[in-house]
Enquirer: 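After the structure tokens below, expect a handful of questions from me.
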Amino acid sequence: MKNRLILFTILALSASILLCSCSGGEIAEGGSDIERSAFCGELESIAPTSKIEGNTLYLEKVENLPEDFIMGVDLSSVIAEEESGVVFRDYSGEEQDIFKTLAENGVTHIRVRVWVCPYDENGNGYGGGNNDAEKAAEIGSRAAKYGLRLIVDFHYSDFWADPAKQMAPKGWKDLDLDGKADEVYKFTKETLEKIEAAGGVVGMVQVGNETNGALCGETSWDGVCRLMSSGSRAVREVCPEALVAVHFANPERSGAYADYARQLSEREVDYDVFGSSYYPFWHGTLENLTSVLSNVATTYGKKVMVLETSYAYTPDDTDFNGNTISDATSGITKNYPYTVQGQANALRDVIEAAAKATGGIGVCYWEGAWITVGGASREENKEKWEKFGSGWASSYSAAYDPDDAGKYYGGSAVDNQALFDSNGVPLQSLQVFNLVRYGNDAEVKPESAEDISLIIEDGGEIALPETVDVLMTNGKKQPAEVVWSEEDIEKASSGGAGNYVIGGKAGELEVKCRLTVLEKNYLLNYSFEGDEQVWVSENLSKTEQLYVEDKKDDSLTGTKHFHFWSAAKDSVEFTLEQTAENLPEGKYNYSISIMGGDAGEYECYAYVKQDGEIVSKAPMEITVYGSWDKGTIEGITVPEGGSVTVGVYVKCSGSGGGAWGKIDDAYLNKAE
Ligand code: CA
């Protein structure tokens, strides 16, 4: 995953092993207490359930899903979680081995990240599960007990590697490329041998994590590909049955995957699977994902897969560490509601998109069990994060990554994206891995209603819609009648200018209208949205276009604004004004906004006229597209029943030709 999302059990290992395992990047002979014989040949076979009693989620079957489609869950933090006291349960709430629970619910693979040495010189873990080779071996053996294969995710770093950083392990940082290539080969080989010795069954190995052009401190494709090739060679030798995967992020970036695949092809990197992260809130559309993966598969004859995905089942945080997505997150695409059904639909749709891709072999859910370690305060949580590495980073990580992890260390940023609730009980969405094969024709019900917003002027009518679009459990929208709170309406009507929330009910669903009440505006059609012919424009030169335009993207608010443009030089000059009459006595403020470009030499100002003469001006700037400038004139004195004319003057020479611009949102408010 991209950011600092992101546990521990050093206790199981002796301190001497720990320190030894870190020196010079060597792996120690730790973890030998996990005997291969304990699990080998005794894999418990768990048959997936076809019809799930009691599951109330609506889920559409994914057509043409191959029988051997990989259903993975990244469980890297599980041991640190358990060490911190987290108990994972079955659907009845009874404690049950989480690996068994996952196998029962259609999961086929467990993904685990591997860092070279996520510890400081005193043996304190950096956090994020403190996932080293020993941890991977332990997870591998526990997974194998239930027939689950491992996806081993080598970061070739001592801590998080993602598009933002790809730091070399501390023990390798002074090595040249040849030296790093040797270490990558050795570390990969020894780690895989350790996993196999512990009874783990390796299904796939990633040589790097989200390596968008960098890996292990190398930032050239020659360097990246050389290291990938070294890792790949070790996988082929130790686990000839396993698939070799490369892993990238940001499928939404036009041309990026085609470029990455070409770079690898040109340098003959030996791999089987081109893997991608796909977080629905960051990574573009599903159609694009299918398309860019299919393109790589067809061009280079590769298998493709989604190696990381996740979605929130609740907007709420449970561990006092803010989450990657919540109701407060801006700048993301909220494709699904933050509910268990929304999470189920999100996962189902990613499975479908990956299965549709040419060469699509699977999907892996990222950190499906990174839930709160418990505690009533951040401090209580923090103690465990620090001690067991169960947060995304501990304070000890400062020794390695002082500017990010060492500064912002804390808990889980994805506890609301887990497939288990905060008590460790699996959510119904965990059953999606099975349900996608059959579908679940539960009754289609209303799932969520989008909030609406409304801006009115003080004293104006609060025109709330009678119906709102409700999102159904099958992802389709349908109008539903709303009963709005009379009490909330009354409050907003009598409260004057300000922000209000008016609650409502659409059936069982809560609906909210965010209402902004503006001060009374004495101008009519202030935002050019209406039909009234109250604005007068005088063309003082040969301005070619002067009219109200309906184009939301170019409007400050609403969908319309006043537009001007000319192709010819020195042709733009005009005024736009409105007279407000019969005003109550008092002092008034006036403002109007403009944006535009290619103005050349220009003169532009807001003005106030009284008795036909301009009495006040406020200069305004015409700069670039999207940069609105507001001209404001304050303290306009008007006698009882008086009138005032307000307007804007624009004259442009045009740079290279004519100039253009947009005028919107004029206000004449009473100042006192
Ligand atoms: Ca959290």
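Note that ligands are numbered from 1 as they come in the structure, with each ligand's atoms numbered from 1 the same way.
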Enquirer: Between the side chains of Ser390 and Glu83, is a donor N or O closer than 3.5 angstrom to an acceptor N or O?
Expert: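 Note: Ser390 and Glu83 side chains miss the donor-acceptor criterion.
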Enquirer: Assess whether a salt bridge exists between Arg111 and Asp74, defined as any Lys/Arg side-chain N lying under 4.0 Å from an Asp/Glu carboxylate O.
Expert: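 Result for this pair is yes, salt bridge flagged.
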Enquirer: Could you tell me whether any N, O or S atom belonging to Ser412 is less than 3.0 Å from the Ca ion (ligand 1)?
Expert: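 Looking at Ser412, which is the residue asked about, there is an N, O or S atom under 3.0 Å from the Ca ion (ligand 1).
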Enquirer: Short check: any N/O/S atom of Thr372 below 3.0 Å from the Ca ion (ligand 1)?
Expert: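 It does not; every qualifying atom lies at 3.0 Å or beyond.
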Enquirer: Run the side-chain donor-acceptor check on residues 54-61: report pairs under 3.5 Å with partners two or more places apart or on a different chain.
Expert:
residue : atom : partner : partner atom : Å
Asn55   : OD1  : Leu57   : N            : 2.8
Asn55   : ND2  : Gln428  : O            : 3.4
Asn55   : ND2  : Gln431  : OE1          : 2.3
Thr56   : OG1  : Gln428  : OE1          : 3.0

Enquirer: State yes or no: are the ring centers of Phe159 and Tyr400 separated by less than 6.0 Å?
Expert: no
Enquirer: For residues 445-454, dump all side-chain donor-acceptor pairs below 3.5 Å to protein atoms at least two apart in sequence or in another chain.
Expert:
residue : atom : partner : partner atom : Å
Glu447  : OE2  : Thr339  : OG1          : 2.3
Asp451  : OD2  : Arg514  : NH2          : 3.0

Enquirer: N/O/S of Asn416 less than 3.0 Å from the Ca ion (ligand 1)?
Expert: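 So Asn416 does not count as coordinating the Ca ion (ligand 1).
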Enquirer: Out of the N/O/S atoms in Asp317, what is the name of the one closest to the Ca ion (ligand 1)?
Expert: OD1
Enquirer: As a test of reading the structure, name the N/O/S atom of Asp319 that is nearest the Ca ion (ligand 1).
Expert: OD1
Enquirer: Which atom name would you report as the N, O or S atom of Asp415 nearest the Ca ion (ligand 1)?
Expert: OD1
